[in-house]
Each structure stands twice: as structure tokens, then as C-alpha cells.
S.K.: 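Dropping the structure in here first, questions after.
Just so it is clear: chains get the letters A, B, ... in the order the sequence lines come, proteins before strands, and each one is counted from 1.
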Protein chains: 2
Amino acid sequence: MTHRDDSVEIIQQEMTAFARRARATAARMHPELSLVSYTLLAHLDDQRGCRATDLAAHYFLDKSTVSRQIAALEKLGFVERRVDPDDHRVQVLHPTEEGAQVLANVTASRRQAFHERLADWSEEDLDRFASYLARYNAAQERLD
Amino acid sequence: MTHRDDSVEIIQQEMTAFARRARATAARMHPELSLVSYTLLAHLDDQRGCRATDLAAHYFLDKSTVSRQIAALEKLGFVERRVDPDDHRVQVLHPTEEGAQVLANVTASRRQAFHERLADWSEEDLDRFASYLARYNAAQERLD
DNA sequence: GTGAACTAGTTGTATAGTACAACATGGATG
DNA sequence: CATCCATGTTGTACTATACAACTAGTTCAC
């Protein structure tokens with residue numbers, strides 16, 4: 001067992017532990033917007049609207065899953081659909097005013113929670129941790 | 001927006017992205033053992049047997065959830081129960097031979113996948129990434 | 001030693017998130 | 001036009017999960 005193996009083992013364990021807990025933590029913090037709803041809504045906000053198909057591709061979700069998630073967000077009044085005039089199959093999705101507001105609140109509170117969790121980290125450590133995570137995820141995306 | 005804020009933002013985004021994808025990736029890689037079953041079985045193996053209550057506490061799961069997961073693992077023949085002679089309420093759970101074997105296979109294949117993903121990382125980067133993850137999760141556990 | 005309070009685990013019920021297959025409908029291309 | 005493709009919805013099924021109600025065993029106070 002090399003040092004390298006040890007590190008990989010720890011990374012594996014910690015990533016797994018984190019993944020297991022993330023959903024439950026998110027749900028406890030924000031009952032009004034699940035982790036999935038949150039990321040979908042955030043993507044809509046970020047992209048200034050997009051199609052259900054784009055969301056499915058981006059998040060590796062089935063189109064039926066996205067369809068139901070969007071239906072739920074619409075029912076909550078957080079998302080609205082605008083049929084594309086050039087292609088009547090397509091619905092371009094946008095956050096509503098209220099959706100954008102809720103998103104902003106959840107984002108702010110998530111951001112604060114992360115800041116608190118990372119409060120005693122040096123700027124250098126934060127920077128490196130952020131780079132490592134980005135690098136790890138980018139590599140994984142290419143494999144997916 | 002300070003550099004510090006930027007790093008926290010990236011950490012948040014990347015951790016969220018990772019969490020969203022982890023379950024599906026695990027399920028695709030190992031249809032025979034879900035991420036949850038895997039971690040429970042691994043914990044049993046690691047601890048050389050423990051109680052359902054211990055699993056629930058360790059993974060922040062409801063005891064009913066653990067009860068059903070264990071029932072499923074038992075049905076698959078991967079876990080056996082031994083009633084504690086000193087306290088007949090207690091069932092000490094152990095991996096069976098077959099359970100240990102499947103666990104070993106899945107562990108090996110997960111380990112290999114992680115090694116591949118991290119193949120082009122320097123030993124120093126791996127070491128630091130592992131420390132950061134451990135530090136992050138330890139801090140979060142204290143807040144949970 | 002008996003009853004109250006506690007602990008371990010199971011089962012009933014409900015919900016979220018997910019996939020896959022079948023479908024409807026609109027567009028593109030031979 | 002006829003066929004094929006793209007977009008999205010709906011039916012169905014399954015997994016993971018929580019909470020509440022329950023059973024059964026243990027401990028402790030009196």
C-alpha cells in the first residue's frame with residue numbers, strides 16, 4: 001500500500017460520505033426547494049432560460065424526470081414555460097419573479113452555510129481545495 | 001467579491017455537482033450493490049460486526065431505513081444476524097462469506113475507478129486533496 | 001419484584017426522485 | 001407525402017427515505 005493508495009482511499013471514502021449526506025442536509029436546510037429543484041432552477045436562472053432537454057443532458061437525468069421536476073416547480077409558481085415560436089415542440093423555461101426570489105434566498109443561505117463551514121480555512125487552502133474539486137469533477141464528467 | 005468568496009462559491013458548486021451525480025454513477029457501476037448498501041456492508045466489515053442502531057447513528061439514517069436495508073442485504077445472503085446472548089433485543093450484524101466476497105469485488109472495482117480518475121494527479125496533490133476532504137467532512141459532521 | 005421508562009428493531013404509510021417504455025405531436029428530409 | 005427524428009408527457013415500477021405506531025426485551029426506582 002503506497003502513500004498514493006492511501007490518499008486515493010481517503011478521497012474515495014470522503015467523497016462517498018459526503019454524497020450520502022448531501023441530499024438530507026440540503027432537505028433539512030431548505031424544505032422549500034430540494035437539491036435537485038434547486039440546481040435545475042439555478043441553471044435556468046444562470047442560462048437565462050433553457051429547454052427541458054438541455055437540463056436533462058446537463059444533469060444526466062432522464063427527460064421524464066426533468067419533465068416532472070419542472071411540472072412541480074411550475075405548480076409552485078417558480079418556473080414558467082414559453083413555447084418557442086420557431087418550433088412548437090420546444091418550451092423555453094424561465095424562473096418566475098417568485099422563483100428567482102426563492103432561488104436568491106436559498107442561494108444566500110447555502111452560501112452562508114458554506115462560509116461558516118469553511119470559516120477557519122486559510123485563503124490558500126480554500127483556493128487549492130476549490131481547484132482540486134473542479135479538477136476532479138471535470139475529469140469525472142469526461143468519463144461519464 | 002473577494003478571492004475567498006470565489007473559492008467558497010466554487011467549492012459549493014462542485015460539491016453540489018458531485019453529490020447530484022454520485023448515486024447514479026455508483027448505481028451504473030455496481031447494480032448489484034447500491035451506494036447505501038455498499039457503505040453499510042463496508043461498515044459491518046470494517047467494524048467486524050455491529051448493531052443496526054450503530055449504523056443508523058453513524059450514517060444519520062432512520063432506524064427503519066437501516067432495518068429495511070439490512071433486510072434486503074440479508075435476503076441477498078450478504079448479511080447475517082446473530083442475536084446478542086446478553087441482550088435479546090440486539091442483533092449483531094455480520095457480512096456473510098458471500099457478502100464479504102461481493103464487498104471485496106465492489107471495493108476493488110471502485111478503487112480502480114478512483115485510481116483511474118486520479119491517475120494523472122501528483123502524489124502531493126492527492127495527499128492535499130484527501131486532507132481537505134477529510135477536514136471538510138469532519139467539520140460538517142460536527143455541525144450535523 | 002413490579003411497574004414505568006427506556007432501547008432495539010419491525011412494519012405501515014407516505015413521499016421524493018429516478019428510469020424505462022409507450023405515446024403524442026411537431027419538424028425535417030428523402 | 002412518408003418516414004424518420006426531436007421534444008415532451010404519462011404510465012408504471014422501484015429505491016431510498018422519514019415518521020409514527022407497534023412489539024419485545026431491559027433497567028431502574030421504589
S.K.: Using a side-chain heavy atom cutoff under 4.5 Å and only I, L, V, M, F, W and Y, what cluster partners does Val90(A) have?
M.R.: Val92(A)
S.K.: With distance as the sole test, does Thr107(A) use its side chain to make a donor-acceptor pair with the main-chain N or O of Leu103(A) at under 3.5 Å?
M.R.: yes
S.K.: Starting at CG of Leu73(A) and ending at P of dA16(C), how long is that distance when rounded to a whole Å?
M.R.: 12 Å
S.K.: Quick one: list whatever passes ring pair (Phe, Tyr, Trp, His ring centres under 6.0 Å) with His43(B), sequence neighbours left out.
M.R.: His58(B), Tyr59(B)
S.K.: Just to verify, what does Phe129(A) make a ring pair (Phe, Tyr, Trp, His ring centres under 6.0 Å) with, not counting sequence neighbours?
M.R.: Trp121(A), Tyr132(B)
S.K.: Using the test side chain to side chain contact (heavy atoms under 4.5 Å, CB included), find all partners of Asn105(B) that sit at least two apart in sequence or belong to another chain.
M.R.: Gln101(B)
S.K.: With sequence neighbours left out, which residue pairs that include part of residues 35-60 of chain B fulfil the salt bridge (Lys or Arg N to Asp or Glu O under 4.0 Å) condition?
M.R.: Arg51(B)-Asp54(B)
S.K.: Give every residue pair that meets the salt bridge (Lys or Arg N to Asp or Glu O under 4.0 Å) criterion with at least one member in residues 66-78 of chain B, sequence neighbours excluded.
M.R.: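 Qualifying pairs: Glu74(B)-Arg81(B).
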S.K.: Can you list everything that forms a side chain to side chain contact (heavy atoms under 4.5 Å, CB included) with Arg82(A)? Sequence neighbours excluded, please.
M.R.: Glu80(A), His94(A)
S.K.: Mind checking which nucleotides bracket the chain A contacts on DNA chain D, 5' to 3', with an atom under 4.0 Å from a heavy atom?
M.R.: dA6(D) to dT12(D)
S.K.: Going 5' to 3' through nucleotides 17-30 of chain C, assign each nucleotide B (protein heavy atom under 4.0 Å from a base atom), S (under 4.0 Å only from sugar-phosphate atoms) or - (no protein heavy atom that close).
M.R.: SSBBB----BS---
